[in-house]
Amino acid sequence: MATVAEILQTKGSQVQTIAPSATVLEATMLMNRHQIGSLVVVEGGRVVGIFTERDVLRRVVAAEKQPSKITVGEVMTRQVLCCSPEADMDEVRELLRERRIRHLPVCDARGGLLGLVSIGDVNAYYASQQKRNIEMLHSYIYGRA
């Protein structure tokens with residue numbers, strides 16, 4: 001079965017990060033610039049949280065806080081789930097579905113960031129697997145042309 005490490009090999013391990021001391025305005029500008037929905041919050045080389053579009057809506061906009069005056073550390077999701085590079089793709093898919101999350105940092109045993117897997121990455125992996133299966137079945141049924 002495929003692992004997260006295989007996905008990162010294809011996708012790459014570059015992840016946009018931010019410090020908890022950055023302002024929400026700085027974070028949202030970075031997210032807009034890179035057209036992404038989350039930033040991994042890193043401090044001292046370790047993952048300490050994740051800052052998502054959902055955090056902006058719930059903890060900034062709905063709370064009527066000024067993005068230029070509040071820090072990422074004040075509104076980020078602290079209970080961030082991480083997985084290891086050896087994590088099985090079926091387990092990751094189930095975790096994302098059950099917890100209703102869209103981004104999962106990939107970390108080493110010490111909490112160091114190694115990459116990020118999104119629900120889009122997982123869906124793309126399974127779509128490519130289905131395409132391969134369909135091609136193999138087509139070849140089996142109709143023979144190779």
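Owing to the predicted nature of the structure, the values given are computational and were not obtained by experimental measurement. Numbering of residues begins at 1 and proceeds along the displayed sequence.
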Main-chain N/O of N32 paired to Q35 side chain as donor or acceptor, under 3.5 Å: no

Compare all side-chain heavy atoms of T71 with those of V24 and state whether any distance is below 4.5 angstrom. no

Between OG on residue S128 and CG on residue N123, distance to nearest 0.5 Å: 11.0 Å

Answer whether the closest heavy-atom distance between the side chains of T23 and K69 falls below 4.5 Å. no

Determine whether L113 and I36 fall in the same hydrophobic cluster, where Ile, Leu, Val, Met, Phe, Trp and Tyr are linked whenever their side-chain heavy atoms lie under 4.5 Å apart. no

State, to 0.1 Å, how close L116 and H103 come at their nearest heavy-atom pair, and which atoms those are. CD1-CB, 4.2 Å

Do M89 and L114 belong together in a cluster built from hydrophobic side chains that touch within less than 4.5 Å? yes

Compare every heavy atom of L39 with every heavy atom of A27, then report the nearest pair and how far apart it is. O-CD1, 3.5 Å

Where is the tightest heavy-atom contact between D108 and G112, given as atom of each residue plus distance? OD1-N, 2.7 Å

Which distance, rounded to the nearest 0.5 Å, do you find between the OG of S38 and the CD1 of I18? 11.5 Å

Is there a donor in the side chain of Y126 and an acceptor in the side chain of D90, or the other way round, less than 3.5 Å apart? yes

Heavy-atom pair of closest approach, residues C82 and V47: SG-CG1, 4.3 Å

Would a single hydrophobic cluster contain both L30 and V42, if residues Ile, Leu, Val, Met, Phe, Trp and Tyr are joined by side-chain heavy-atom contacts under 4.5 Å? no

Looking at CD1 of I50 and OG1 of T17, how far apart are the two atoms once the value is rounded to the nearest 0.5 Å? 11.5 Å

Tell me, do L96 and R102 make a side-chain contact under 4.5 Å, heavy atoms counted? no

Among the clusters formed by ILVMFWY side chains lying less than 4.5 Å apart, do Y142 and Y140 turn up in the same one? yes

With clusters defined by side-chain heavy atoms of hydrophobic residues (ILVMFWY) lying less than 4.5 Å apart, directly or transitively, does V72 cluster with V15? no

Measuring only between side-chain heavy atoms, which start at C-beta, is F51 closer than 4.5 Å to M31? yes

Taking all atoms of both residues into account, what is the closest heavy-atom pair of P67 and V60, and its distance? CG-CG1, 4.2 Å

Find out whether T3 and D88 are in side-chain contact, i.e. whether some heavy atom of one side chain is under 4.5 Å from a heavy atom of the other. no

Minimum heavy-atom distance between V106 and S84, given as atom pair plus value: CG1-C, 3.9 Å

Is the backbone of E135 close enough, under 3.5 Å, to the side chain of S139 for a donor and an acceptor to pair up by distance? no

Quick check: does any side chain N or O of R46 sit under 3.5 Å from a backbone N or O of R110, one acting as donor and the other as acceptor? yes

Tell me the side chain to side chain donor-acceptor pair (under 3.5 Å) pairs involving residues 58-67, sequence neighbours left out? D55-R59, R59-T77

Are V80 and P105 side-chain neighbours, meaning at least one heavy-atom pair lies under 4.5 Å? yes

Can you tell me how far CZ of R93 sits from CD of E91, rounded to the nearest 0.5 angstrom? 11.5 Å

Side chains of V122 and V92: closer than 4.5 Å at any heavy-atom pair? yes

Can you sort out the partners of A19 under side chain to side chain contact (heavy atoms under 4.5 Å, CB included), two or more places apart, ordered by chain and number? S21

Would a distance-only check, ignoring hydrogens and angles, find a side-chain to backbone donor-acceptor pair under 3.5 Å from E98 to L95? no

Give, for atom CZ of R99 and atom CD of Q79, the distance between the pair rounded to the nearest 0.5 Å. 9.5 Å

What's the spacing between Q16 CD and R33 CZ if we round to 0.5 Å? 8.0 Å

